[in-house]
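Have a look at the structure below, then the notes.
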Amino acid sequence: MTEPNPYDPWQRTDLTANERTLLTFMRDCMHGEDLSLIDTLVAEDYIQHTPGIAQGREGLRRYIMEVARKRPNRTQWRAVQIFASGDMVILHKLISSHAIADFVRFNAAGQMAEHWDVVAPLPEPDYDPMRTSKEDLSRFSAVFDFDSGRD
């Protein structure tokens, strides 16, 4: 069961134009069908920092066509939180198997100009980032490889 989210980007009325642009892009292009949004919402000289994805609009278009569109349940995603500061927007979202934080810099024209991300497998089945956690430090031994004896 999904916990109530007081930060739900779709329910907020105070989003910046850049936050709205990023949400629209994610909903209608990355997780939707409208590839034409790449030509309007993404800068021509778009800089990509995600390893394996080429630069510019065409690099992003190729990633969406060859990878993102082939992902199981690709249209099922959840925007958890969104933050803007100056020309930067951070979107915290969930897909079926991973939690993702997208960091996007916008140019003066309001287009996505640069992108970084952090992608992590969901820590447990039915993970809900709005649910408060209970202490169980055991998963961290595997995450940080405590048992290997390395510093």
Side-chain angles (χ1 to χ4, degrees), residues 1-35 37-38 41-43 46-55 59-60 62-107 110-151:
M1 177 176 177
T2 302
E3 299 291 321
N5 180 357
Y7 310 105
D8 183 344
W10 301 112
Q11 302 303 315
R12 289 181 43 202
T13 59
D14 63 339
L15 297 179
T16 67
N18 290 345
E19 287 170 313
R20 287 191 305 272
T21 295
L22 184 53
L23 284 172
T24 297
F25 177 82
M26 289 297 172
R27 181 191 63 208
D28 297 344
C29 185
M30 183 65 69
H31 299 284
E33 300 295 330
D34 192 354
L35 285 176
L37 291 177
I38 293 172
L41 301 183
V42 177
Y46 177 75
I47 300 167
Q48 178 62 256
H49 295 280
T50 302
I53 302 176
Q55 302 304 304
L60 181 58
R62 186 169 178 198
Y63 166 76
I64 291 171
M65 292 298 297
E66 294 185 20
V67 178
R69 285 205 168 168
K70 295 177 180 178
R71 203 173 49 234
N73 304 311
R74 73 174 187 85
T75 60
Q76 297 173 11
W77 69 288
R78 177 180 168 200
V80 179
Q81 300 176 57
I82 196 163
F83 309 91
S85 180
D87 62 358
M88 294 290 295
V89 176
I90 301 170
L91 173 63
H92 174 204
K93 69 180 185 179
L94 298 179
I95 61 174
S96 61
S97 58
H98 289 77
I100 300 172
D102 285 301
F103 300 80
V104 179
R105 182 182 62 80
F106 283 78
N107 64 19
Q111 294 175 309
M112 298 186 309
E114 195 165 5
H115 172 264
W116 302 257
D117 61 19
V118 177
V119 179
L122 297 181
E124 60 191 16
D126 300 319
Y127 171 69
D128 183 348
M130 299 313 294
R131 184 176 58 232
T132 57
S133 65
K134 294 178 177 50
E135 185 173 19
D136 178 1
L137 303 179
S138 62
R139 79 178 194 85
F140 295 103
S141 64
V143 170
F144 296 111
D145 200 18
F146 289 151
D147 297 328
S148 72
R150 291 181 294 167
D151 288 340

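In this view, Asn107 and Gln111 satisfy the side chain to side chain donor-acceptor pair (under 3.5 Å) rule, not counting sequence neighbours. Remark: Arg74 pairs with Glu33 by the salt bridge (Lys or Arg N to Asp or Glu O under 4.0 Å) rule, at least two apart or across chains. Among residues two or more places apart in sequence or in another chain, the side-chain contact (heavy atoms from CB on, under 4.5 Å) test is passed with Leu122 by Leu94, Ala99, Tyr127. Listed by chain and number, the residues in a side chain to side chain donor-acceptor pair (under 3.5 Å) with Arg62 are Glu66 (sequence neighbours excluded). For Asp28, the side chain to side chain donor-acceptor pair (under 3.5 Å) test picks out no residue, with sequence neighbours left out. Residues meeting the salt bridge (Lys or Arg N to Asp or Glu O under 4.0 Å) test with Asp14, sequence neighbours left out: Arg12. Judged as a side chain to side chain donor-acceptor pair (under 3.5 Å), and not counting sequence neighbours, His92 has no contacts. Trp10 is linked by a ring pair (Phe, Tyr, Trp, His ring centres under 6.0 Å) to nothing, counting only residues two or more places apart in sequence or in another chain. Under the rule for a ring pair (Phe, Tyr, Trp, His ring centres under 6.0 Å), His98 has no partner lying at least two apart in sequence or in another chain.
Taken to the nearest 0.5 Å, the CD1 atom of Ile64 stands 4.0 Å off from the SG atom of Cys29. Atoms CG and CZ, on Leu22 and Phe103 in that order, are 11.5 Å from each other to the nearest 0.5 Å. Separation of atoms CG (Asp117) and CG (Asp102) is listed at 5.5 Å; rounding is to 0.5 Å. Rounded to the nearest 0.5 angstrom, Met30 CE and Ile100 CD1 are separated by 8.5 Å. Of the inter-residue distances, the one linking Tyr46 atom OH with Gln55 atom CD reads 9.0 Å to the nearest 0.5 angstrom. With values rounded to the nearest 0.5 angstrom, Met112 atom CE is found 12.0 Å from Arg105 atom CZ.
Pro6 and Met130 make their closest contact through CD-CE, 3.9 Å (heavy atoms, listed as atom of the first residue, atom of the second, distance). Nearest heavy-atom pair, Phe25 versus Leu60, reported as atom, atom and distance to 0.1 Å: CZ-CD2, 3.7 Å. Taking each heavy atom of Arg131 and Asp126 in turn, the nearest pair found is NH1-O, 3.3 Å. Closest approach of Ala43 to Ala113, counting heavy atoms only: CB-CA, 4.1 Å.
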Kindly determine whether Ser138 and Asp136 satisfy side chain to side chain donor-acceptor pair (under 3.5 Å), including the steps that lead there. CA-CA 6 Å; Ser138 62; Asp136 178 1; 2.7 Å; yes

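No side-chain heavy atom of His31 sits less than 4.5 Å from a side-chain heavy atom of Arg69. The shortest side-chain heavy-atom distance between Leu23 and Thr21 does not fall under the 4.5 Å cut-off. Between His115 and Ile47 the shortest side-chain heavy-atom distance does not fall below 4.5 Å.
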Which pairs would a plain distance check flag for residues 75-90, meaning a side-chain donor or acceptor within less than 3.5 Å of a matching protein atom at least two apart in sequence or in another chain?
from: Arg78; atom 1: NH1; to: Asp128; atom 2: OD1; distance (Å): 3.1
from: Arg78; atom 1: NH2; to: Asp128; atom 2: OD1; distance (Å): 3.4

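Side-chain N or O atoms of Arg27 include none that pairs as donor or acceptor with a backbone N or O of Gly32 at under 3.5 Å.
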